[in-house]
Amino acid sequence: MSFTDMLSNIVAVIIFIGGPIIPLLFIAFQVAGWHHQITEPVMEEEGHGH
Amino acid sequence: MVERILKTRGIFWMWCALLLIPIGIGLYSALQVFTKGLVVTNLSDLAPWGLWIVVDLSCIALSAGAFSLSALAHLFGRDNFKPIARVAVFVGLLGYTGAMMCLLLDIGRPERFWHGWVFWQTHSMLWEVTMCITLYFSVLLLEVFPMIVELPLFNRFKWLQNLGHRIHRFAPILAIMGMGLSLLHQSSLGGTYGVVAGRASLYRATMPLLFIVSAVAAGMAFTVQMTLIVQWLKRRVLVPRDVLFQVGQVAGAILFVYLYMRFWDSTAGAYGYVPGRSESDLLLTTGTFGLTFWGWEIILGGIVAGTFLIMARRRNSIGMLLMGSGLTMAGIIANRWNTTMLAFTQPLSTEPVLTNPASVRYLPSLVEWGTALGIVAGLTLAFSLGMRFLPAYKGHTPTPVASSGD
């Protein structure tokens with residue numbers, strides 16, 4: 001395997017794996033941050049509580 | 001910064017307007033398919049199933065939360081799962097809508113979509129799938145109907161709302177029907193692949209089991225993921241945190257059962273040299289497929305996702321739960337992609353060569369990408385509108401932590 005092949009594989013792995021993970025991580029941090037700021041209300045069954 | 005964007009006036013309608021762009025691209029692409037036929041795609045006799053089937057299978061797998069969570073809530077006495085089952089049913093309805101849109105494009109003769117119901121081909125796996133999917137879609141419609149007629153728009157039509165109340169009383173029966181139909185077609189989708197004797201990578205009796213178990217794990221995880229994101233965007237609580245953690249744990253455990261089954265299917269199923277099967281295993285675990293297989297399907301979408309889903313409750317970590325559910329979703333899409341693509345990439349036979357060329361390289365055409373994008377955007381728009389306006393998903397206002405001790 002030439003150096004170029006190896007480099008292109010590394011770049012492919014970074015893009016292919018990192019591409020979807022970065023936005024997922026970002027959303028996970030945001031959602032977790034919001035949950036830390038709140039206390040859940042007591043929830044009762046409503047209307048069409050399937 | 002995100003907080004400020006979310007509080008922008010009219011942000012919801014801007015989001016909807018933004019989604020109209022890919023929907024427009026999808027409609028234009030679909031028009032190309034309907035007027036010119038499948039010639040505008042990169043599908044061929046050698047690669048008859050492509051991107052649309054991957055989207056179709058992924059949509060159906062990610063909708064499996066509807067039947068599994070409804071069954072847990074209505075049949076297995078987990079009343080605390082009812083709020084999340086409600087979200088799952090709506091996700092399921094949209095997922096099956098997307099799947100049917102993909103199939104309408106893929107069959108090549110869309111005007112004959114109804115033939116399956118009239119001309120019964122009882123020896124065909126795809127016929128069984130067609131019947132189950134359409135019947136289950138009707139069940140999902142009945143499950144969602146009572147929630148839709150709760151909209152203020154229907155206050156004038158009291159008879160519709162009364163009908164909704166009556167249908168709602170049959171929720172346990174609908175859950176039984178949903179479970180039966182889903183158990184049949186989620187696994188027979190795997191069976192459709194499993195009976196293809198000419199394709200060594202598919203031809204095995206374990207395919208139906210692998211499909212149903214992976215779908216249940218992914219469907220539950222996807223519902224958790226969607227609920228978490230909707231709650232964050234709405235700043236309201238739809239499902240109690242503990243329920244989300246519990247469902248996450250169940251999904252994680254099922255995901256590990258799937259990985260265990262997959263491990264034995266791969267090792268014992270191809271022990272020694274099995275003609276065709278050994279070559280397909282090599283193709284799957286190396287090169288381009290190797291990246292999606294090891295990276296997404298097994299490590300991130302399997303082991304890491306399952307560990308996160310199970311550990312999230314113990315660590316009381318919503319971030320971990322969201323990561324776990326998101327990775328599970330990516331893993332199932334990678335699995336359905338690998339399963340579909342591998343079958344057509346591997347040569348049928350090299351000695352003697354049965355096809356010309358021996359193996360096919362398939363990359364979806366722009367029209368295929370356009371329609372897939374349009375379908376996903378359409379489902380996202382419908383989901384956004386449903387979560388915003390349907391009274392069943394109104395949710396509860398949480399209390400800020402600072403004032404909770406007052």
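Chain A is the first sequence line, chain B the second, and so forth, proteins listed ahead of strands; every chain is numbered from 1. As a basis for the values below, the full set of heavy atoms in this structure was taken, side chains included, without hydrogen atoms, waters or symmetry mates.
Interface check for chain A: of the options Thr397(B), Leu300(B), Leu291(B), Leu228(B), the most heavy-atom pairs under 4.5 Å are formed by Leu291(B).
Looking at Arg169(B), there are no atoms closer than 4.5 Å to chain A (heavy atoms on both sides), in backbone or side chain.
Separating the CG atom in Asn316(B) from the NE2 atom in His36(A) is a distance of 7.0 Å, to the nearest 0.5 Å. If you take NE2 on His35(A) and CG on Leu322(B), they are separated by 9.0 Å, rounding to the nearest 0.5 Å.
A search for side chain to side chain contact (heavy atoms under 4.5 Å, CB included) contacts involving Ser70(B) returns His74(B), Ala85(B), Val89(B), Glu143(B), Ala175(B), not counting sequence neighbours.
Heavy atoms of other residues, nucleotides or ligands lying less than 6.0 angstrom from CZ of Phe29(A) number 12 at most. Enclosure of atom CZ in Phe170(B) is not indicated, since only 12 or fewer non-hydrogen atoms of other residues, nucleotides or ligands lie within 6.0 angstrom.
Counting only heavy atoms from C-beta outward, the side chains of Ile38(A) and Arg241(B) approach each other to under 4.5 Å.
Of all heavy-atom pairs spanning Trp34(A) and Gln231(B), the tightest one is CH2-O, 3.5 Å. In plain terms, the two heavy atoms of Leu327(B) and Leu24(A) that are nearest each other are N-CD2, 3.9 Å. Here the closest heavy-atom approach between residue Gly319(B) and residue Ala32(A) is recorded as N-CB, 3.6 Å.
Judged as a salt bridge (charged side-chain N to carboxylate O under 4.0 Å, His left out), the pairs with a partner in residues 288-306 of chain B (not counting sequence neighbours) are, in order, Arg262(B)-Glu297(B).
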